[in-house]
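Read through the structure below, which is laid out as structure tokens, and then see the notes.
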Protein chains: 2
Amino acid sequence: MKNTGDRRRTIYDVAKAAGVSISTASNALNDTGRTNAETRGRVRRVAEEIGFRPNALARGLLSKRSHAIGMLTNDTYGRLTLPMAAGVSEVLVDHGVSVFLCATNNDPRLAQLHLEALLDRQVDGIIFTATRLDLTPPVQLSRLPIPVVYVFAEGPADSVTFFPDDEQGARLAVDHLKELGRSRILHITGPRDYLAARIRAQSYLDACGDGAEAMFGDWSEEWGHEAVQTVFARPGAKPDAIFCGSDEIARGVIDALRDLNVEIPTDVAVVGFDNWEVVARQTRPPLTTIDMELKELGHRAGLAILSLSKGEPVPAGITKLPCRLVVRQSCGSPLRSE
Amino acid sequence: MKNTGDRRRTIYDVAKAAGVSISTASNALNDTGRTNAETRGRVRRVAEEIGFRPNALARGLLSKRSHAIGMLTNDTYGRLTLPMAAGVSEVLVDHGVSVFLCATNNDPRLAQLHLEALLDRQVDGIIFTATRLDLTPPVQLSRLPIPVVYVFAEGPADSVTFFPDDEQGARLAVDHLKELGRSRILHITGPRDYLAARIRAQSYLDACGDGAEAMFGDWSEEWGHEAVQTVFARPGAKPDAIFCGSDEIARGVIDALRDLNVEIPTDVAVVGFDNWEVVARQTRPPLTTIDMELKELGHRAGLAILSLSKGEPVPAGITKLPCRLVVRQSCGSPLRSE
DNA sequence: GATTCATGCTAAAAGCTTTTAGCAGAAAAA
DNA sequence: TTTTTCTGCTAAAAGCTTTTAGCATGAATC
């Protein structure tokens, strides 16, 4: 009596098989209206038996809620996006919400196309996420009839936005180094036009005070390498710790230090940022770094859009999620290695 | 006269504004039935004016085609998945097809949940993609009422499957090295239980014949490092080229060679596999490697599922997409650097 | 002048679900 | 006994689109 035919079973089939009307079937399945317990049980048994599953399209058409959301991203090779998207999808699947992935490639035409498709599909909300290069959406998102949540990107003034807490993350790194007795801490980071780079640098400067120095460059290993060479070539006191704006930079830093026969962590301790495992685990020694909790970010964004789509209030403004210090061996700390 | 109200405009609004029936409006918009050119023009103008866009749910409900597909993946941190997914999404958006991203985390329960959600949503097809660890889907996909395309994963005998052509890719690498006059080529690659590793290794052995040696380990930098140390510590002739099973391994290899004061590419040429830019561009010298054309793979998979969902025939079996040699500096070739 | 044909339009049905309004019958209250 | 209340069920509508069948009208054919 399983679903052998080609046609998908509908609630009509359930109703007929259970000998009730479709209204009763629907009521029994959804616990709405008034139904006799015995009938309810029978309907449910039958539904199970013939493998009935309600058609989400019909359901969405009526309820005006599709139980789907869109994720608009401009980050294709994204080591940022995918973990986050996975977090979103993971938390929402349990609420019966599915996620459309829309890669815009930074192309406004594509973004517009995707956006329209999402609206046509009656999605309940949109999560917009960007790499940090350009923080503004490539398409008008502010006057939409559905809620929008921004991640890694800033929306209009009163929008709901999530960021990792770069300031706290940087402080975490600096404090860790200080606790280990380091005093001459240098900061090597990415381009100054990245908001995240500026925030981390400022937090570092605030924490370290006089003598602190933040070197801006780009997000590459090469830059880390180059910066170290510059610093160690010039006269004056050398740093006893380097806080890097990314794990890639840290990797370049570590390589350069080794080339200079500087011992890590004995002579110089190094902290990265990203906890990009494939890099952080492979440096020698393995890198102590800051994890931005991307998956958690995804969870939070997913829950936020879920609440918004139900009309529940969500505090507007920027929510900064705490970063986490991951201790490995590049700072010579208590060896609770991972 | 723009869409100022809160309600989405329906075809009723178009019909009323154009002074025709909804059938005529529909016919005019879709070029079906018989409509006077003048009327057709008017209806379209009106539709444009009030910002009418057909409700995809209603459309799908009727046509039984949702113009959406699902992508089921078990690869969360995927440097493989995301570029591929972006390729799929990119090629399909122009056909009005959207993509559900379902991250299963290798959890069968989650996979089942996602699968059911996809079926409830009447998706027109499913693309299943796996990392190479376990090539079998965590969930029963074979007796589905909709087409399934497999990428990086093997489906049942007569299914439509796409892989990068690992054999040809490996040959590309070996041939390149041979053309540059290298004769003692070593192969260092990942675990033997990865199909891709075995295929590449076999292709390498076939191409190099006697004296060829494939060393299996894992996909890490560390293993590359270790393998090189082993080889250079033991007596006998040393290789003049190393073909690595991944860029990460190649990175470890290059580091180890430098530690041993072996000149790259003068003494030993190195080729990687993946063209994972963040690694391949950062090695010193930059890595010559094999690109698996992940985006193209996504395009092909997307087009295949599109055809299948329309009922058009698609050749069953495994399609292997050619890899591409990316020449950088680690082989000392003609310096058409990238 | 009577029949056929082509044209331009429309009413209604179908697709599947949930919800609203309401109908019988039985039990409780007057 | 008559009226009210409760219970369990159902018909029908609504949600939005596309498609089918068919109705007038005017032109062409016999």
Side-chain angles (χ1 to χ4, degrees), chain A residues 3 5-44 46-47 50-68 96 119-124 145, chain B residues 3 5-44 46-47 50-68 96 119-124 145:
Chain A
N3 181 350
D6 41 357
R7 216 180 83 270
R8 238 183 113 95
R9 298 318 182 125
T10 74
I11 199 164
Y12 284 89
D13 301 316
V14 176
K16 193 198 280 182
V20 294
S21 74
I22 53 162
S23 335
T24 303
S26 175
N27 280 330
L29 292 171
N30 302 317
D31 249 337
T32 54
R34 295 185 295 248
T35 21
N36 184 325
E38 197 274 322
T39 317
R40 195 161 51 239
R42 179 158 39 93
V43 169
R44 290 189 170 171
V46 167
I50 68 175
F52 166 73
R53 310 219 75 221
N55 181 323
L57 264 39
R59 206 176 228 181
L61 179 57
L62 189 54
S63 69
K64 304 222 170 209
R65 298 203 49 221
S66 63
H67 295 274
L119 293 175
D120 293 351
R121 294 205 141 80
Q122 320 285 113
V123 292
D124 301 334
Chain B
N3 181 351
D6 42 356
R7 217 181 83 271
R8 236 183 114 94
R9 298 319 182 123
T10 74
I11 200 163
Y12 283 88
D13 300 316
V14 176
K16 193 199 279 182
V20 295
S21 74
I22 54 161
S23 335
T24 304
S26 176
N27 280 330
L29 291 171
N30 301 317
D31 249 340
T32 54
R34 293 184 297 247
T35 22
N36 185 327
E38 197 274 324
T39 316
R40 195 160 52 237
R42 179 158 40 91
V43 169
R44 290 188 170 171
V46 166
I50 68 175
F52 166 74
R53 310 219 73 219
N55 181 323
L57 263 39
R59 208 178 225 181
L61 180 56
L62 189 54
S63 69
K64 306 223 169 205
R65 300 202 48 220
S66 63
H67 295 275
L119 292 175
D120 293 351
R121 297 203 139 80
Q122 320 285 114
V123 292
D124 301 333

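Reminder, nothing fancy here: chain letters follow the sequence lines and each chain counts from 1.
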Name all residues meeting the side-chain contact (heavy atoms from CB on, under 4.5 Å) criterion together with B:Arg65; count only those two or more places apart in sequence or in a different chain, and write none if there are none. B:Ser63, B:His67, B:Asp124, B:Ser309, B:Lys310
Here the distance between atom P of C:dC16 and atom NE2 of A:His67, to the nearest Å, is 19 Å
What pairs with A:Arg40 under salt bridge (charged side-chain N to carboxylate O under 4.0 Å, His left out), at least two apart in sequence or on another chain? A:Asp31
What is the distance, rounded to the nearest whole Å, between atom CG of B:Asn55 and atom P of D:dC16? 7 Å
If only side-chain N and O atoms of B:Lys64 are considered, is one of them under 4.0 Å from the OP1 or OP2 phosphate oxygen of C:dC16? yes
Letter per nucleotide, 5' to 3', of nucleotides 7-14 of chain C [B base touched, S only sugar-phosphate touched, - untouched; heavy atoms, 4.0 Å]: BBBBBB-B
Among D:dT17, C:dT19, D:dG15, which is the nearest nucleotide to the side chain of A:Thr32? C:dT19
Could you tell me the separation between the CG atom of A:Leu57 and the C1' atom of D:dT18, rounded to a whole number of Å? 14 Å
Quick one: side-chain contact (heavy atoms from CB on, under 4.5 Å) partners of A:Asn27, sequence neighbours excluded? A:Thr32, A:Thr35
Can you name the side-chain hydrogen bond (donor to acceptor under 3.5 Å, both in side chains) partners of B:Asp120, sequence neighbours left out? A:Arg8, A:Arg53
Donor-acceptor pair, distance only, cut-off 3.5 Å: does the side chain of A:Arg44 make one with the backbone of A:Ala28? yes
What's the CG-C1' distance between A:Asn30 and C:dT18, to the nearest Å? 8 Å
Which residue, B:Ala58 or A:Leu29, contacts DNA chain C at a nucleotide closer to its 5' end, judged by nearest heavy atom? B:Ala58
In short, the helix from C:dG1-D:dC30 to C:dA30-D:dT1 is bent end to end, axes from five pairs each side, to 10°, by 60°
Tell me every residue that passes side-chain contact (heavy atoms from CB on, under 4.5 Å) with A:Thr39, counting only those two or more places apart in sequence or in another chain. A:Val20, A:Thr24, A:Asn36, A:Arg42, A:Val43
Counting just side-chain N and O atoms, does A:Arg59 come under 4.0 Å of either OP1 or OP2 of C:dT18? yes
Whether the side chain of B:Ser66 engages the backbone of B:Gln122 through a donor-acceptor N/O pair (distance < 3.5 Å, no angle test) should be reported. yes
Show every salt bridge (Lys or Arg N to Asp or Glu O under 4.0 Å) that has at least one partner inside residues 13-29 of chain A, sequence neighbours left out. A:Arg7-A:Asp13
Protein-nucleotide distance (A:Arg8, atom CZ; C:dC16, atom C1'), rounded to Å: 11 Å
Under 4.0 Å, heavy atoms only, any strand: does A:Ser26 hit a base, just the sugar-phosphate, or nothing? base
Pairing residues for B:Ser26 by the side-chain contact (heavy atoms from CB on, under 4.5 Å) criterion, not counting sequence neighbours: B:Ile11, B:Asn30
Calculate the interatomic distance between A:Arg65 atom CZ and D:dG15 atom P; express it in whole Å. 18 Å
